[in-house]
K.L.:
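This is the structure I have questions about; it appears just below.
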Amino acid sequence: MKRFEGLVLCSDVDGTLIDEHNSVPKENLEAIQYFRAHGGKFTLATGRIPEAVTPVLHGITLDFPCICHNGCSIYDFYTNRYIDTVELPKEAHKAAEQVLELSPDSGVEVITPEGIFVVKQTFATDRHIAFEKITARRADSLEAVPAPWLKILFAQEPDQTDRLNEQMRSSAYHANYTIIKTHQYYYEIYHKNASKGNALETLCAHFNIDLKNVAAIGDNENDLSMLLKAGISAAAGNAPGSVKTKAGIVTCANSQGAVADFISKL
């Protein structure tokens, strides 16, 4: 029996698999290849849209469909289709309006299965589009964005994201939506039932995988649901303490090869 046979490794992308320059460290590439050569299976769970995942896949083979949009979708790169989506109700624009009241300088993007619509363009949205190497369309208002919606993203500077995260903690909209900081620059709204953890559960059920045979690694609060459902969990060394304390393993930082370090500990 091969060393990693029967084990599935699911990795977050930003802040975990890739470094600050949007590149996969050589250590990670080599370790993933070693992991798969010795019986392991590999896939990703990311907040990115499928188009933004493609540049990351150079030198990496996915054995299962990819969890995208922070769990709002599961996308199969071999058939180029979604195998699952969790959509926002159109009334979500009301929650978005509350966020904008609190943070009027934030840029706004609505993400749909067809791509990204920029509703309010700012330096922060331009940075997001450029960093992930994706195309985006413009929309004059939230109401102008065609359904279905998967999530709404607010882009701003880190201090604004943190302030917004604190201000929204008491929002009544938390009862109906997941409203969460997903990155130092991003704050997002998606369906209450959408999460990386729930998507991982759906993926495992689809392919008859026992969750106890899943090893998951991430670096942020939006990864916690996945880490808590996986049989083996790890937090990248750059993760905040709130994530590290919930993970079974803490690795080195993403820039130093967090995924490779995790694999070495399996």
K.L.:
Would one find more than 12 heavy atoms of other residues, nucleotides or ligands at under 6.0 Å from atom CG of Asp140?
P.N.:
no

K.L.:
Linking I/L/V/M/F/W/Y whenever any side-chain heavy atoms sit under 4.5 Å apart, do Ile249 and Leu17 land together?
P.N.:
yes

K.L.:
Side-chain heavy atoms nearer than 4.5 Å, only ILVMFWY residues, links allowed to pass through others: does that put Leu266 and Tyr34 together?
P.N.:
yes

K.L.:
Among Thr251, Asn220, Asp219, which residue meets the side-chain contact (heavy atoms from CB on, under 4.5 Å) test with Asn238?
P.N.:
Asp219

K.L.:
Kindly write out the residues that satisfy side chain to side chain contact (heavy atoms under 4.5 Å, CB included) with Arg36, not counting sequence neighbours, or none if the list is empty.
P.N.:
Ile32, Phe42, Thr61, Asp63

K.L.:
Could you check whether atom NZ of Lys181 has more than 12 heavy atoms from other residues, nucleotides or ligands sitting under 6.0 Å from it?
P.N.:
yes

K.L.:
Among the clusters formed by ILVMFWY side chains lying less than 4.5 Å apart, do Ile67 and Ile60 turn up in the same one?
P.N.:
no

K.L.:
Just checking Lys26: does its NZ atom have more than 12 heavy atoms from other residues, nucleotides or ligands closer to it than 6.0 angstrom?
P.N.:
no

K.L.:
Does this structure show an ion pair linking Glu166 with Arg169, if we count only N-O contacts that are shorter than 4.0 Å?
P.N.:
yes

K.L.:
So for atom NZ, which belongs to Lys192, do other residues, nucleotides or ligands contribute more than 12 heavy atoms lying within a distance under 6.0 Å?
P.N.:
yes

K.L.:
Pick out which of Val243, Asn70, Thr178, Thr46 makes a side-chain contact (heavy atoms from CB on, under 4.5 Å) with Asn222.
P.N.:
Asn70

K.L.:
For Lys90, does the NZ atom sit with more than 12 other heavy atoms under 6.0 Å from it, leaving out its own atoms?
P.N.:
yes

K.L.:
Group every Ile, Leu, Val, Met, Phe, Trp and Tyr by side-chain heavy-atom contacts under 4.5 Å, then state whether Val86 and Tyr190 land in the same group.
P.N.:
no

K.L.:
Whether the side chain of Tyr75 engages the backbone of Ile49 through a donor-acceptor N/O pair (distance < 3.5 Å, no angle test) should be reported.
P.N.:
no

K.L.:
Donor-acceptor pair, Gln156 side chain versus Phe154 backbone, under 3.5 Å?
P.N.:
yes

